[in-house]
Structure formats: C-alpha cells, structure tokens
Amino acid sequence: MERLTDLDKRLLSALRNNGREPIATLAQMLGVSRATVAKRIDRLTASGVIVGFTVRVRDQAEIDQVRAVSVIEVEGRTTDHVIRELRGFPEIQALHTTNGGWDLVVESSCPDLVAFDDMLRRIRGIDGIVNSESSLLLSSVMR
C-alpha cells in the first residue's frame, strides 16, 4: 500500500466526518480542484484504503446502552482458551489481541449497569484471566 499524503489524510478525515459530502464541497474545503478530489477518492478506493461507503444510523437502543472498553491480562498460554470463552458472551461486540501490558481488548455493550457488572463478574471468572480493567464510554465524539 502506498504512503498517504497530507492531502489524502485530510480528505479521509473529511469523508469520515461526512461520507456524503459533495466532491465540489470537498474540493473547496481542501483547496484543490474537483478533479483532484475525484482522482484521490478513486485511487484510495482502488488501493484498498477506502473499503466502502456506508450510512451510519443512530440506533436508539445504542444510546440507552452501557458501552465499555475492557483490557484483560491473560496468564501464560491460556489466551486461546480465554478467547474461546469470551466468544460466547453476547455482550461483547469486538475482541482484539494486543501487545504491551494487556493481552486482550474487549468492546462491550450492556442494557444497564447491573448487566455490565454481571458480565464483568463472568469475565473475571474465566480460568486464565489474571487481571482486567474497564472504562465506560460516555459519549462518542468520532466514530
């Protein structure tokens, strides 16, 4: 994959903010021609940097959810076992391996704090998990 230029990065930022922004408006915002913006979008799409365009709809249920990011430390070589166990949790939206002091990152969503507390209790009860830390997501300022 080729290196992104400053213009590419600014264009991607503008598209993240509003993926339906007209090319003419993007060109004006970026201080370049419409043809330049169109060519950049085509090149970024062809090279796989842009993998698609979508509409994001705010789900009312999402607003009422308790969302969190948790980091988990796993003992020894139990990571595969812990991942298998965590895959069975309906509250877990995403699960990532990582490097550093923590082994796994969990993105979760629960209907309320009681359910969130219950999920944490079940996670901490999995053999091989030695430590965890969670942060509640209060508001999303960029997605």
Side-chain angles (χ1 to χ4, degrees), residues 1-32 36-143:
M1 188 180 316
E2 63 189 74
R3 190 168 183 86
L4 295 178
T5 67
D6 180 60
L7 179 59
D8 293 333
K9 291 175 185 175
R10 292 185 310 144
L11 174 59
L12 291 171
S13 178
L15 289 171
R16 278 190 196 104
N17 187 49
N18 182 1
R20 294 179 47 110
E21 196 74 68
I23 288 180
T25 304
L26 290 168
Q28 184 177 18
M29 288 169 43
L30 298 171
V32 297
T36 298
V37 171
K39 286 179 187 176
R40 294 285 175 133
I41 290 172
D42 289 344
R43 184 177 51 78
L44 292 168
T45 302
S47 68
V49 173
I50 296 175
V51 295
F53 297 87
T54 186
V55 174
R56 294 179 304 177
V57 177
R58 183 174 304 265
D59 183 4
Q60 183 62 37
E62 181 181 295
I63 294 170
D64 297 334
Q65 296 287 302
V66 173
R67 297 177 304 130
V69 173
S70 303
V71 287
I72 296 174
E73 181 183 358
V74 176
E75 178 180 47
R77 299 179 188 263
T78 62
T79 303
D80 290 340
H81 163 74
V82 170
I83 289 171
R84 277 192 303 277
E85 292 292 318
L86 291 173
R87 283 187 173 156
F89 282 60
E91 303 92 343
I92 293 178
Q93 308 295 305
L95 178 61
H96 312 276
T97 59
T98 187
N99 66 333
W102 301 100
D103 301 299
L104 299 170
V105 176
V106 173
E107 297 176 48
S108 62
S109 180
C110 297
D112 53 41
L113 286 174
V114 172
F116 179 71
D117 186 42
D118 178 64
M119 180 195 67
L120 287 180
R121 181 189 51 73
R122 290 183 286 127
I123 286 175
R124 291 178 181 141
I126 295 173
D127 287 336
I129 291 181
V130 294
N131 194 12
S132 68
E133 183 177 307
S134 298
S135 294
L136 296 179
L137 301 176
L138 301 177
S139 63
S140 296
V141 295
M142 183 176 157
R143 286 181 83 175

A.B. asks: Is the shortest heavy-atom distance from the side chain of Leu12 to the side chain of Leu4 under 4.5 Å?
C.D. replies: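 Yes, at least one pair of side-chain atoms sits under 4.5 Å.
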
A.B. asks: Please identify which of these residues, Ile50, Ile23, Leu7, meets the side-chain contact (heavy atoms from CB on, under 4.5 Å) condition with Arg40.
C.D. replies: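 The option that passes is Leu7.
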
A.B. asks: When you compare the side chain of Arg67 with that of Glu107, does any pair of heavy atoms fall below 4.5 Å?
C.D. replies: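 When only atoms from C-beta onward are counted, Arg67 and Glu107 do not touch, as no gap falls below 4.5 Å.
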
A.B. asks: Would you indicate whether the side-chain heavy atoms of Leu136 and Phe116 approach each other to under 4.5 Å?
C.D. replies: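 They are in contact (side-chain heavy atoms under 4.5 Å apart), so the answer is yes.
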
A.B. asks: Looking at Ser134 and Leu120, what are the two nearest heavy atoms and their distance?
C.D. replies: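 Ser134 and Leu120 have their closest heavy atoms at OG-CD2, 3.4 Å.
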
A.B. asks: Please report the interatomic distance CG(Leu15) to CZ(Arg20), rounded to the nearest 0.5 Å.
C.D. replies: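 Answer for the CG-CZ pair, Leu15 versus Arg20, is 13.0 Å.
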
A.B. asks: Would one find more than 12 heavy atoms of other residues, nucleotides or ligands at under 6.0 Å from atom CD of Glu21?
C.D. replies: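 Enclosed: over 12 neighbouring heavy atoms sit under 6.0 Å from CD of Glu21.
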
A.B. asks: Is the shortest side-chain N to carboxylate O distance from Asp118 to Arg122 below 4.0 Å?
C.D. replies: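 Result for this pair is yes, salt bridge flagged.
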
A.B. asks: Between the side chains of Asp80 and Arg84, is the shortest nitrogen-to-carboxylate-oxygen separation below 4.0 Å, so that they form an ion pair?
C.D. replies: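 Salt bridge between Arg84 and Asp80, a charged N being under 4.0 Å from a carboxylate O: no.
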
A.B. asks: Of all residues at least two apart in sequence or in a different chain, which pass the side chain to side chain donor-acceptor pair (under 3.5 Å) check with His81?
C.D. replies: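 Side chain to side chain donor-acceptor pair (under 3.5 Å) check on His81 returns nothing, list empty.
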
A.B. asks: Does some side-chain heavy atom of Asp103 sit less than 4.5 Å from a side-chain heavy atom of Thr98?
C.D. replies: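 Thr98 vs Asp103: side chains apart.
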
A.B. asks: How close do Arg124 and Ser132 get, heavy atom to heavy atom, and via which atoms?
C.D. replies: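 Distance-wise, the nearest heavy atoms are NE-OG, 3.2 Å.
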
A.B. asks: Using every non-hydrogen atom in the two residues, find where Ala14 and Leu26 come nearest and quote the distance to one decimal.
C.D. replies: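 What the structure gives for the nearest pair is CB-CD2, 3.6 Å.
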
A.B. asks: Can you tell me if Asp42 and Thr45 form a side-chain donor-acceptor pair at under 3.5 Å?
C.D. replies: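 Their side chains do not contain a donor-acceptor pair, so the 3.5 Å distance test is not met.
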
A.B. asks: How far does CG of Leu86 sit from CG of Leu95, to the nearest 0.5 angstrom?
C.D. replies: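 Between atom CG of Leu86 and atom CG of Leu95 there are 5.5 Å.
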
A.B. asks: Between Gln93 and Ser109, what is the shortest heavy-atom contact and its length?
C.D. replies: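 Shortest heavy-atom contact: NE2-CB, 3.8 Å.
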
A.B. asks: Do you know the tightest heavy-atom contact between Trp102 and Glu73?
C.D. replies: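 The answer is CE3-N, 3.5 Å.
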
A.B. asks: For residues Thr5 and Asp8, determine if any side-chain heavy atom of one lies less than 4.5 Å from a side-chain heavy atom of the other.
C.D. replies: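 Of all side-chain heavy-atom pairs linking Asp8 with Thr5, at least one is under 4.5 Å.
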
A.B. asks: Nearest 0.5 Å, please: how far is CD1 in Ile123 from CZ in Arg121?
C.D. replies: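 Output value for this atom pair is 11.0 Å.
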
A.B. asks: Any chance you could measure Glu133, atom CD, to Ile72, atom CD1, to the nearest 0.5 Å?
C.D. replies: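 Between atom CD of Glu133 and atom CD1 of Ile72 there are 11.5 Å.
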
A.B. asks: Quick one: pull up CD1 in Ile83 and OG1 in Thr78 and give me the separation to the nearest 0.5 Å.
C.D. replies: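 Rounded to the nearest 0.5 Å, the CD1-OG1 separation comes out at 9.5 Å.
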
A.B. asks: Nearest 0.5 Å, what's the CD-OG distance between Glu91 and Ser70?
C.D. replies: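 Nearest 0.5 Å value for the CD-OG distance: 11.0 Å.
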
